[in-house]
Amino acid sequence: GSFKAENERLFAEFLECCSRLTEEHPEVIPFLASRHQKASAEFLASAEFRNVLGRCLTRVQSKRSKVYVYINELCTVLKAHTQRRKLALSS
Amino acid sequence: GAVPVEEEEEDDDDPENRIAKKMLLEEIKANLSSD
């Protein structure tokens with residue numbers, strides 16, 4: 001089955017939680033959101049992404065002092081699954 | 001009399017978090033300049 005809806009809900013929850021903890025650097029949340037936007041649809045609906053998200057969310061809720069560690073982790077995972085841009089090269 | 005308080009430690013500043021924050025902010029900066 002697809003975890004798309006559940007992952008979207010978890011990601012929104014993670015963003016909301018982190019935005020309160022990263023007020024000193026307001027550029028962080030839009031950056032994370034853009035990484036999410038650029039990730040492949042297949043990955044965003046995967047069980048793997050759900051596991052990463054679930055883990056990051058639980059951790060950030062229990063250890064707020066490590067918020068950037070978890071954001072960085074999620075960014076790295078999303079970057080690794082960035083959709084490949086199709087180069088429209090015409091000769 | 002008054003007792004001097006000498007507690008200026010940043011208790012919530014985790015070293016791992018500080019490194020992650022630095023890396024993340026540098027990546028954001030690099031991304032902004034490449035766009």
Side-chain angles (χ1 to χ4, degrees), chain A residues 11-40 43-44 49 52-88, chain B:
Chain A
F11 186 71
E13 207 177 315
F14 185 76
L15 278 189
E16 196 195 320
C17 193
C18 291
S19 64
R20 272 180 271 131
L21 301 170
T22 60
E23 281 173 347
E24 51 175 356
H25 292 291
E27 69 272 38
V28 168
I29 296 302
F31 178 71
L32 179 59
S34 80
R35 276 264 185 273
H36 179 258
Q37 271 188 341
K38 288 174 187 168
S40 76
F43 177 68
L44 295 180
F49 185 47
V52 176
L53 263 179
R55 195 177 62 221
C56 285
L57 192 59
T58 312
R59 284 179 177 174
V60 82
Q61 283 164 345
S62 61
K63 264 194 177 266
R64 292 167 178 210
S65 60
K66 284 188 186 281
V67 62
Y68 288 99
V69 175
Y70 309 133
I71 293 177
N72 207 15
E73 189 180 328
L74 202 56
C75 276
T76 306
V77 171
L78 288 169
K79 192 179 178 183
H81 291 87
T82 298
Q83 236 172 353
R84 284 184 191 159
R85 274 192 206 165
K86 285 177 188 165
L87 293 175
Chain B
V3 180
V5 180
E6 285 185 48
E7 276 189 45
E8 279 292 315
E9 274 184 50
E10 289 183 41
D11 204 33
D12 61 345
D13 204 352
D14 187 286
E16 198 186 348
N17 193 54
R18 220 180 312 158
I19 295 167
K21 188 205 269 191
K22 194 172 167 239
M23 281 168 62
L24 194 64
L25 294 177
E26 277 174 8
E27 202 182 340
I28 294 173
K29 219 191 281 177
N31 251 271
L32 284 176
S33 58
S34 72
D35 266 350

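The sequence lines fix the lettering, A, B, ..., with proteins before strands; numbering per chain opens at 1.
Of residues 17-25 of chain A, those residues lying under 4.5 Å from chain B by any heavy-atom pair are A:Glu24, A:His25.
A salt bridge links B:Glu27 to A:Arg35: at least one charged side-chain nitrogen sits closer than 4.0 Å to a carboxylate oxygen.
Remark: A:Arg59 CZ is packed, more than 12 non-hydrogen atoms of other residues, nucleotides or ligands lying under 6.0 Å away.
The two residues A:Tyr68 and B:Asn17 have their closest heavy-atom pair at N-OD1, 2.8 Å. For the pair A:Cys75 and B:Leu24, the tightest heavy-atom approach, listed with the atom from each and the gap, is SG-CD1, 4.0 Å.
B:Leu25 touches chain A through its side chain: at least one heavy atom from C-beta onward sits under 4.5 Å away, while N, CA, C and O do not.
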